[in-house]
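Counting starts at 1 for both ligands and their atoms, in listed order. If you read the sequence from its start, that first residue is 1, and numbering goes on from there.
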Amino acid sequence: MSQNVLRRRRLQISNPAEMSTPRKQKFCEKGICLFVILVAVVAGIVAVCVVTLTDKNLRQRVPSPPRLEWWKTTIIYQIYPRSFQDSNGDGTGDLKGVTKRLDYLQELGVGTLWLSPFYMSPMRDFGYDVQNYTQVDPLFGTMDDFDVLMKEAKKRGLRVLVDFVPNHTSNESSWFNNSRHSIGKYRDYYIWDDGVNCSTCPDTNFKMPPNDWKSAFRGSAWTYDDNRKQFYYHAYLDSQPDLNASNPDVRQELKNVLRFWLEKGVDGFRGDAIRKLFEFEDVHRNENGVLNLTRNLPGVYPVMREWKHFLDKYSHGKGQEKILIAESYGITNEMRDAYYEVDSIPFNFAFVQKLNPSCKARCIKQIIETSLDGLKEEWWPNFVLGSHDVSRIASRMGDSFVNVLNILLLTVPGTPTTYYGEEIGMKDTFYTYSESRDPAGLNYKEDYLKYSRDPGRSPMQWDSSTNAGFSNGTPWLHVNLNYPVLNVEEQLSKETSTLNIYKSLAKLRQLPSFTNKNIIFSTVNDDIISYVRSESGHPKYLVVLNVGSRDSVVDCRGPPLGVSSAQVVLAAGSSLLGISSYRMGDIADLQAIRLKYAEGVIFKI
Ligand SMILES: *[C@@H]1O[C@H](CO)[C@@H](O)[C@H](O)[C@H]1NC(C)=O
Ligand SMILES: *[C@@H]1O[C@H](CO)[C@@H](O)[C@H](O)[C@H]1NC(C)=O
Ligand SMILES: *[C@@H]1O[C@H](CO)[C@@H](O)[C@H](O)[C@H]1NC(C)=O
Ligand SMILES: *[C@@H]1O[C@H](CO)[C@@H](O)[C@H](O)[C@H]1NC(C)=O
Ligand SMILES: *[C@@H]1O[C@H](CO)[C@@H](O)[C@H](O)[C@H]1NC(C)=O
Ligand SMILES: *[C@@H]1O[C@H](CO)[C@@H](O)[C@H](O)[C@H]1NC(C)=O
Ligand SMILES: CC(=O)N[C@H]1CO[C@H](CO)[C@@H](O)[C@@H]1O
């Protein structure tokens, strides 16, 4: 047999169609078989392609939102360690106390803790006067306590931010001691100036500060130092000399501080008083009260960028990003953008600065709009209601409004920051002058109530036991007298409590409809603000809040919704009275949403 014949036979035998289906065999005989197979294969490929494309289209139409960086979906919870939980009975909160309360914070649903300073300090400004940035003050515990706190926080999936106070050190810092003795590189670590001669003084050689700059805590921002025979500049207390941020050695020192805490595993920093980092270079110019020579000078941005780049070296991939937040009171949107441009996050204090009892629905809408206005695609907004520097929101706005304001904070776009105690509606506490501790108040004697920040710093109210469960000793500031009725334990047991509403909100805001920057306002009148949060492919949520001082009815059927009824997913009455007229799960008519004053409801569409 020839090779050809053999090959043909094998071919024939190995062709199953030939053996089982005579008709196909016939086609094949006519040479059509190959064509059919070809067509089938092509059709198959086309089909697969079509399916894939359709699938892709579908996915495009129902996009699961991109996985966001952790800090975009988290809630930041500010802890003022002095006032959170005392573990050793000395009357001052400490790091062990914070660790003890981590379960509470995990249950609350906040993902990130920000700890106000716990560093070595003479405590003239309660820790914002840092003597040593890399030591724990014994009042707050030990470095081991911090390590345990970090470990336990990580175990619970909680992130930790620490305060970074680069605007000044304590006058007890060894850097300052070296500087006032003009030792080596430390000479220029601070802002020194000869001052000017006093031409009208009996002794014309008497030295005057070089200019009229005022400290934030009253009096001149310059203090004469006898060792160096020069003035040093301090934006705050005379015991808080300002660092010279233009000095590369100082910047290196501060980077070393960042490194120290990054190596301890922190997730980022909140930079204190960043806007005061730079002073106008010509110290012989007076401000005449305008304050634009000492605040928000452009020099701050490159430094922020430098620090953020440094942090990025420790950002090991998705979920490990390190963040740098800037305390930035009273900035314009232009300055806000400059912070974003250097990859830092400017805290948005618009609610802190502009919310007051006369700022009702339209005013709140405007705050939100201005805050979101002009944000580039990649810039993520944030909102803050309170801090250790201001009166508590419950006192500023009235304690009835705590629920609606928590709903507002947790349902507007961006990352919210909650100051400890806001989740239960803690109020300012009254202290007499002699009970006061804050230098900002003490420096003003008869006017201390206007300036003291003590009222917003009273101890956390955990339960109805002595000192609200904060301490077995004598608290550094006494607890608010309302603690027997206003405390965590009490609120945990009540379904409609401010605390439980906060918890529900913390869960709700994890949904894709809330973790984006889309917000469309629905009806807004004198009393009621309503808006829709949505994400394509997911339910829409309508938030309706009565921020006015009377009961009100509103029709939300129109755009952007165009539906007439919806299901209630969260209902909160005035934080004082508690009960809402709506109940979870109710299907409600959107034509006439009736809200009592200080009542808020979220509907799912
Ligand atoms: C802070 O303390 C560490 C030791 O814990 C020390 O090495 C460092 O020099 C101190 N820094 C200052 C500014 O005193
Ligand atoms: C401050 O520096 C001076 C000069 O070097 C030194 O004699 C003194 O002991 C230092 N004081 C402190 C508290 O370190
Ligand atoms: C200021 O006083 C110093 C002495 O303290 C003197 O040497 C200097 O000439 C005076 N400067 C002016 C401008 O009068
Ligand atoms: C720091 O400033 C305070 C307040 O003026 C003062 O009482 C203290 O003696 C100063 N400490 C040092 C080391 O200069
Ligand atoms: C800050 O430090 C630099 C040295 O790096 C020095 O040239 C400059 O004069 C200092 N600034 C002030 C205001 O002391
Ligand atoms: C500060 O403000 C005043 C008054 O508005 C203005 O004349 C001056 O140029 C400003 N200075 C700086 C450094 O921006
Ligand atoms: C806004 C503000 O003043 N923030 C902090 C900056 O530093 C001062 C002085 O240390 C602190 O008291 C402030 O809390």
Review point. Is the closest N or O pair between N244 and ligand 5 shorter than 3.5 Å?
Key: yes
Review point. Distance only, no hydrogens: is a donor on one side chain within 3.5 Å (strictly under) of an acceptor on the other, for T223 and H234?
Key: yes
Point to revise | Contact atoms of ligand 5, heavy-atom distance to P248 under 4.0 Å | key: 5 (O)
**Study point:** Between W222 and N211, a side-chain donor and acceptor under 3.5 Å
**Key:** yes
Point to revise | Y190 touching ligand 5 at heavy-atom level, < 4.0 angstrom | key: yes
Practice item. State whether a side-chain donor-acceptor pair under 3.5 Å links S452 with S436. Key: no
Review point. With distance as the sole criterion, is a donor-acceptor pair present between the side chains of S471 and W476 under 3.5 Å?
Key: no
Exercise for review: Give a yes or no on whether atom 9 (O) of ligand 4 lies under 4.0 Å from any heavy atom of the protein.
Suggested key: no
Review point. Looking just at side-chain N and O atoms, do T134 and N132 make a donor-acceptor pair shorter than 3.5 Å?
Key: yes
Review point. For E263, does the CD atom have more than 12 heavy-atom neighbours from other residues, nucleotides or ligands under 6.0 Å away?
Key: yes
Check your understanding: So, for atom 14 (O) of ligand 1, does the protein have a heavy atom nearer than 4.0 Å?
Key -> yes
**Study point:** Flag for N348-S371: side-chain donor and acceptor within less than 3.5 Å
**Key:** yes
Check your understanding: Backbone, side chain, both or neither: what part of W175 comes under 4.0 angstrom of ligand 1, heavy atoms only?
Key -> side chain
**Study point:** Enumerated ligand 4 atoms positioned under 4.0 Å from heavy atoms of R124
**Key:** 3 (C), 8 (C)
Practice item. Would you check if there is a donor-acceptor pair between the side chains of S387 and D389 at a distance under 3.5 Å? Key: no
Check your understanding: Do D238 and ligand 4 have an N or O pair less than 3.5 Å apart?
Key -> yes
Practice item. Determine whether the aromatic ring centres of W192 and F176 lie less than 6.0 Å apart. Key: yes
Review point. Looking only at N/O atoms, are S174 and ligand 1 under 3.5 Å apart anywhere?
Key: yes
Practice item. For atom 1 (C) of ligand 1, grab the closest protein heavy atom and report residue, atom and distance to one decimal in Å. Key: N132 ND2, 1.4 Å
Practice item. Can you sort out which atoms of ligand 4 are near N171, meaning under 4.0 Å from one of its heavy atoms? Key: 1 (C), 2 (O), 3 (C), 8 (C), 10 (C), 11 (N), 12 (C), 13 (C), 14 (O)
Review point. Is Q135 in polar range of ligand 1, meaning some N or O pair under 3.5 Å apart?
Key: yes
Point to revise | Within reach of ligand 4, part of R180 (heavy-atom separation under 4.0 Å) | key: side chain
